[in-house]
Amino acid sequence: MAAPKKVCIIGSGNWGSAIAKIVGANAAKNPKFEKTVNMWVFEEMVNGRKLTEIINTEHENVKYLPGHKLPPNVLAVPELVDAVKGADILIFVVPHQFISRVCDTIKDHIKKDTVGMSLIKGVDEGPDGLKLISDVIRERLGITMTVLMGANIANEVADEKFCETTIGCKSKEHGPLLKELMQTTNFRVTVVEESDVVEICGALKNVVAVGAGFCDGLGFGDNTKAAVIRLGLMEMIAFARIFCTSGPVSATTFLESCGVADLITTCYGGRNRKIAEAFAKTGKTIEELEKEMLNGQKLQGPATAAEVNHILKHKNMVNKFPLFNAVYQICFEKHPVTEFITCLQNHPEHL
C-alpha cells in the first residue's frame with residue numbers, strides 16, 4: 001500500500017478552521033492519510049495567550065471559529081515553513097491578498113509532487129488580464145493545482161449542517177483521493193473537470209453579493225434581489241466564456257454547488273452582502289465597515305470587483321457587464337449607491 005499522504009492546511013481563519021474540522025476527522029480514520037494534520041496559524045495574542053497554544057491545548061480557534069471543537073489531531077503551527085514540511089497535499093485557505101507572499105515563503109520547502117487545493121475566492125490581475133489564484137500558486141510553486149468552491153458558509157459547515165461543494169480537478173488520479181479527504185455525510189462533494197470555471201464562480205459571486213447587499217440596504221424587496229442574482233449569474237457565465245480558454249464552458253458547471261448554489265447563499269448570508277447593506281445604510285466606507293464588523297477577516301467582493309474592472313477595461317468590455325461595473329463604481333468611484341438599480345433597468349437582455 002502507498003505511504004499515507006501528509007496534509008497541511010495553510011490558513012486558519014473562519015473557513016480554514018471549519019475545513020480543518022472536516023479534514024482532521026477524515027485523516028484520523030482513513031489510512032490513506034497521515035493522522036496528524038498541520039494547520040498554519042498566523043500567530044496572534046488572544047487574551048494574553050498565543051492563538052496556536054490555545055488551539056493546541058483547547059482544540060478550538062477561539063478567535064475565528066469560537067464554539068467549535070477541532071479534532072485533536074489538527075496541530076496548529078506558527079511557522080509557515082515548519083507547517084508545510086513533508087506535505088503531500090496543501091490546502092490553501094488564506095485571503096487572496098496574501099497568497100503571493102505565502103508562495104514565496106514556502107517555494108523552496110515543499111515536495112515537487114505535492115498536490116495543492118485552493119479554497120481561495122478571488123482573482124488576480126496578470127499582464128494579460130485575468131489570473132486565477134490557482135494559476136498564481138501553480139506558477140510560483142510548480143505544483144499540480146485543484147480547487148474547492150461551493151455554497152459553504154463556514155459556521156454552517158462547522159455546525160455539520162448538510163451542504164454540497166464542488167472540487168475542480170483536471171486529473172482523474174487526484175480527484176477521488178481529494179474527495180475522500182473532504183467528503184462527509186453532511187458535506188457532499190462533486191468532482192468536475194472544469195476547474196477554471198469552478199474557480200471563476202467562487203470569485204465572481206462575491207461581486208454579485210455586494211450588489212445584493214446594496215439592494216437590501218436600499219430597502220428593495222425579494223423580487224429585485226432575485227433580478228440581481230439572475231443578472232449577476234448571466235454576467236458570471238458571460239465572463240467565464242470570455243476568459244476560460246482551456247475549452248468550451250458548459251452551463252452545467254454553473255448548476256453545481258460552486259455556481260448557482262454558492263451565488264444564492266452568498267447573496268442572502270455572506271459577509272459581502274452584510275457589509276454592502278451597511279454601506280448603503282450608513283454611508284461609511286467599505287474599509288471602516290470591514291474593521292468594525294469583520295473581526296479581522298477580509299472582504300473579497302469589492303477587491304474582486306476592482307480586479308474584474310481592470311481586466312474588462314483592458315479588453316474594452318466594461319459596458320457589457322453593467323452589474324459588475326456598477327458595483328465597482330459605487331465601491332471605488334463614489335457613485336451614489338442609490339443609482340445601483342439604474343444599472344439593472346438598462347441591463348441588456350442577452351449577454
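Note that this is a predicted model, so its numbers are computed, not measured.
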Tell me every residue that passes ring-ring contact (aromatic ring centres under 6.0 Å, His included) with Phe162, counting only those two or more places apart in sequence or in another chain.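 Phe162: no ring-ring contact (aromatic ring centres under 6.0 Å, His included) contacts found.
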By ring-ring contact (aromatic ring centres under 6.0 Å, His included), Phe279 pairs with (sequence neighbours left out) Phe214
Reported [atom1]-to-[atom2] distance for the pair [X] and [Y], which is rounded to 0.5 angstrom:
X	Y	atom1	atom2	value
Met149	Lys205	CE	NZ	9.0 Å
Asn61	Ser17	CG	OG	3.5 Å
Ser257	Leu263	OG	CG	11.5 Å
Ile55	Leu70	CD1	CG	6.5 Å
Ile311	Phe239	CD1	CZ	5.0 Å
Ile110	Cys8	CD1	SG	10.5 Å

Please tell me whether [X] and [Y] are part of a single hydrophobic cluster in this structure, the criterion being side-chain heavy atoms less than 4.5 Å apart.
X	Y	answer
Ile275	Val337	yes
Leu177	Ile9	yes
Val197	Val191	no
Ile143	Leu181	no
Val228	Met236	yes

Minimum heavy-atom distance between [X] and [Y], given as atom pair plus value:
X	Y	result
Ala20	Pro71	O-CD, 4.0 Å
Ala303	His96	CB-CE1, 4.2 Å
Ala305	Val327	CB-CG1, 4.0 Å
Val46	Ile54	O-CD1, 3.9 Å
Val74	Gly24	CG2-CA, 3.8 Å
Val157	Cys163	CG2-SG, 3.9 Å

Looking only at atom types and distance, does a side-chain atom of [X] sit under 3.5 Å from a main-chain N or O of [Y], one as donor and one as acceptor?
X	Y	value
Glu339	Pro336	no
Asp159	Lys161	no
Gln183	Val189	yes
Thr114	Ala87	yes
Lys21	Ala158	yes
Ser118	Val93	no
Thr265	Ala261	no
Trp40	Pro78	yes

Any [X] side-chain heavy atom under 4.5 Å of [Y] side chain:
X	Y	value
Ile341	Cys215	yes
Asn26	Phe33	no
Pro66	Glu60	yes
Cys201	Thr253	no
Val102	Ile10	yes
Asn325	Asn309	yes
Thr184	Glu160	no
Asn56	Leu75	yes

Mark yes when over 12 heavy atoms from residues, nucleotides or ligands other than [X] sit less than 6.0 Å from its [atom1]; otherwise mark no.
X	atom1	value
Lys225	NZ	yes
Lys313	NZ	yes
Lys35	NZ	yes
Asn346	CG	yes
Lys69	NZ	yes
Asp113	CG	yes
Glu292	CD	yes
Lys85	NZ	no

Is any side-chain N of the basic residue among [X] and [Y] closer than 4.0 Å to the acidic one's carboxylate O?
X	Y	value
Arg138	Asp135	yes
Arg49	Glu58	yes
Glu193	Lys172	yes
Arg273	Glu277	yes

Taking it one step at a time, do Arg271 and Leu299 satisfy side chain to side chain contact (heavy atoms under 4.5 Å, CB included)? CA-CA 7 Å; Arg271 65 183 86 150; Leu299 203 61; 3.9 Å; yes
Between [X] and [Y], a side-chain donor and acceptor under 3.5 Å:
X	Y	value
Asn14	Asn155	yes
Ser134	Glu199	yes
Thr165	Asn152	yes

Tell me whether the rings of Phe324 and Phe321 are parallel (<30°), tilted (30 to 60°) or perpendicular (>60°).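 Rings of Phe324 and Phe321: parallel, under 30°.
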What verdict does the side chain to side chain contact (heavy atoms under 4.5 Å, CB included) test give for Met45 and Lys50, after you've listed the backbone C-alpha separation in whole Å, the side-chain angles of each residue and the deciding distance to 0.1 Å? CA-CA 5 Å; Met45 301 302 284; Lys50 289 179 175 173; 3.8 Å; yes
Using the side-chain contact (heavy atoms from CB on, under 4.5 Å) rule, pick out the option among Thr224, Asp216, Asn223 that qualifies with Phe220. Thr224
Run through Ile167, Asp262, Val198, Thr166 and flag the one making a side-chain contact (heavy atoms from CB on, under 4.5 Å) with Glu256.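 Answer after filtering Ile167, Asp262, Val198, Thr166: Thr166.
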The test is side chain to side chain contact (heavy atoms under 4.5 Å, CB included); show your working for Ile264 and Val260 and say whether it passes. CA-CA 6 Å; Ile264 292 166; Val260 69; 4.0 Å; yes
Any chance you could lay out the side chain to side chain contact (heavy atoms under 4.5 Å, CB included) test for Met182 and Val23, step after step, and finish with the verdict? CA-CA 6 Å; Met182 292 296 186; Val23 169; 3.8 Å; yes
